[in-house]
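Read through the structure below, which is laid out as structure tokens, and then see the notes.
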Protein chains: 2
Amino acid sequence: MSDLLRRLRARGWRLTAQRRVIAEVLDGEHVHYTADEVHARAVELLPEISRASVYNTLGELVALGEVTEVNTDGRVRRYDPNAHEAHQHLVCSGCGAIRDVRLTDDPLSALPEGERFGFQVAQATVTYYGRCPECVAANAAPGPAGSPTA
Amino acid sequence: MSDLLRRLRARGWRLTAQRRVIAEVLDGEHVHYTADEVHARAVELLPEISRASVYNTLGELVALGEVTEVNTDGRVRRYDPNAHEAHQHLVCSGCGAIRDVRLTDDPLSALPEGERFGFQVAQATVTYYGRCPECVAANAAPGPAGSPTA
DNA sequence: ATCCTATATTGGACTCAGTCCAAGTCAAGA
DNA sequence: TCTTGACTTGGACTGAGTCCAATATAGGAT
């Protein structure tokens with residue numbers, strides 16, 4: 001993900017080994033790791049990396065708009081590197097799997113003027129809940145992984 | 001909120017002083033308290049009520065479908081007694097104020113078949129973020145109260 | 001009205017995600 | 001190669017939420 005690293009460097013970011021590793025971990029499609037998952041994967045590549053650095057770096061990436069915070073279960077925050085394409089999330093209430101999805105309409109258009117209470121509305125997040133093919137097949141009981149709470 | 005209590009009684013719920021008090025606290029429009037806020041208000045009415053009872057009771061109300069869990073900031077869970085009317089939420093990113101809003105369209109219709117990845121999609125939650133009239137007037141800086149994370 | 005017991009409540013210890021901080025390290029410009 | 005301000009570290013800390021064994025009580029049975 002040298003694209004990301006190049007952008008960050010242009011913005012004056014100091015390129016440390018820790019940040020490189022975190023950027024590498026966040027590379028991919030439909031990636032929605034928790035901070036601890038990012039840390040676990042980062043440790044594989046750089047054993048001495050600390051939890052604090054992971055939290056710091058993720059927070060900075062979010063502030064820079066390079067990563068989006070996602071909360072699908074009301075518990076843990078997850079980090080989505082797909083921040084440059086508008087999308088929403090589809091969550092399996094069985095196993096917690098998360099997919100990025102693109103909608104046909106801007107969700108803002110579904111909120112009528114009379115329901116805006118004078119707010120200046122800027123943004124909408126939509127989370128869909130259902131069961132993924134594997135969980136439907138397994139008829140798994142709904143677990144704690146992803147119940148609707150947003 | 002004796003309506004609620006009557007329904008719960010019909011379902012075999014034991015009506016304790018604690019549960020009555022929690023039901024009373026949850027009575028009202030646009031109510032979205034955290035568990036600790038519910039506890040603080042319940043203590044006013046029944047000083048010896050414990051945090052554990054508040055958590056237990058809220059969890060049961062959610063399981064019974066009488067209260068909905070809401071998470072608008074990726075941190076604290078809130079409890080919405082308006083569980084019988086389909087609605088979504090509008091959150092002020094300045095002060096964290098939350099309003100219930102009714103949409104013109106079912107958000108499920110905005111998710112095309114090709115984006116469902118074989119999931120059996122059951123539900124959607126939509127959260128709108130913006131600034132309430134008071135925060136717009138005060139031009140308050142966005143605080144930690146309600147940044148988009150869902 | 002009283003008894004009985006399954007169900008509910010309690011406080012305190014515990015977990016887990018996330019934050020904070022002072023001390024040490026290091027990237028990268030001079 | 002030096003310097004320095006930005007970055008990293010581990011460990012202590014916070015706050016939301018869970019768990020549990022001991023105690024209390026709602027409400028049906030008598």
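Values below: every heavy atom of this structure, side chains too, minus hydrogens, waters and symmetry copies. All figures in this text were calculated on a predicted structure; none of them were measured in a lab. Numbered from 1 within each chain, the chains take letters A, B, ... in sequence-line order.
- Rounded to an integer number of Å, the gap from CG of A:L5 to P of C:dA27 is 14 Å.
- Counted by atom type alone, B:H32 and B:D100 present one or more donor-acceptor pairs between their side chains at under 3.5 Å.
- For the pair A:R41 and A:Y33, the cation-pi test (distance below 6.0 Å, angle within 45°) is passed.
- Straight-line distance from the CG atom of A:L58 to the P atom of C:dG18: 10 Å, rounded to whole Å.
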What string of B, S and - do you get for nucleotides 6-17 of chain D, 5' to 3', when a contact is any protein heavy atom under 4.0 Å?
-> BSSBB-----SB
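- Put simply, CZ on A:R20 is 14 Å from P on C:dC26, counting in whole angstrom units.
- Salt-bridge formation is detected for the pair A:R7/A:E66: a Lys NZ or Arg NE/NH1/NH2 atom is positioned less than 4.0 Å from an Asp or Glu carboxylate oxygen.
- In this structure, the side chains of B:H89 and B:V70 come closer than 4.5 Å at one or more pairs of heavy atoms.
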How far apart are the C-alpha atoms of B:H30 and B:R99, what are their side-chain angles, what is the distance that settles it, and do they pass the side chain to side chain donor-acceptor pair (under 3.5 Å) test?
-> CA-CA 6 Å; B:H30 300 288; B:R99 316 290 321 230; 3.3 Å; yes
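- One atom, CG of A:L8, and another, C1' of C:dA28, lie 16 Å apart when rounded to the nearest Å.
- Note on A:R78 versus A:D73: no salt bridge recorded, every NZ/NE/NH1/NH2 to OD/OE distance being 4.0 Å or above.
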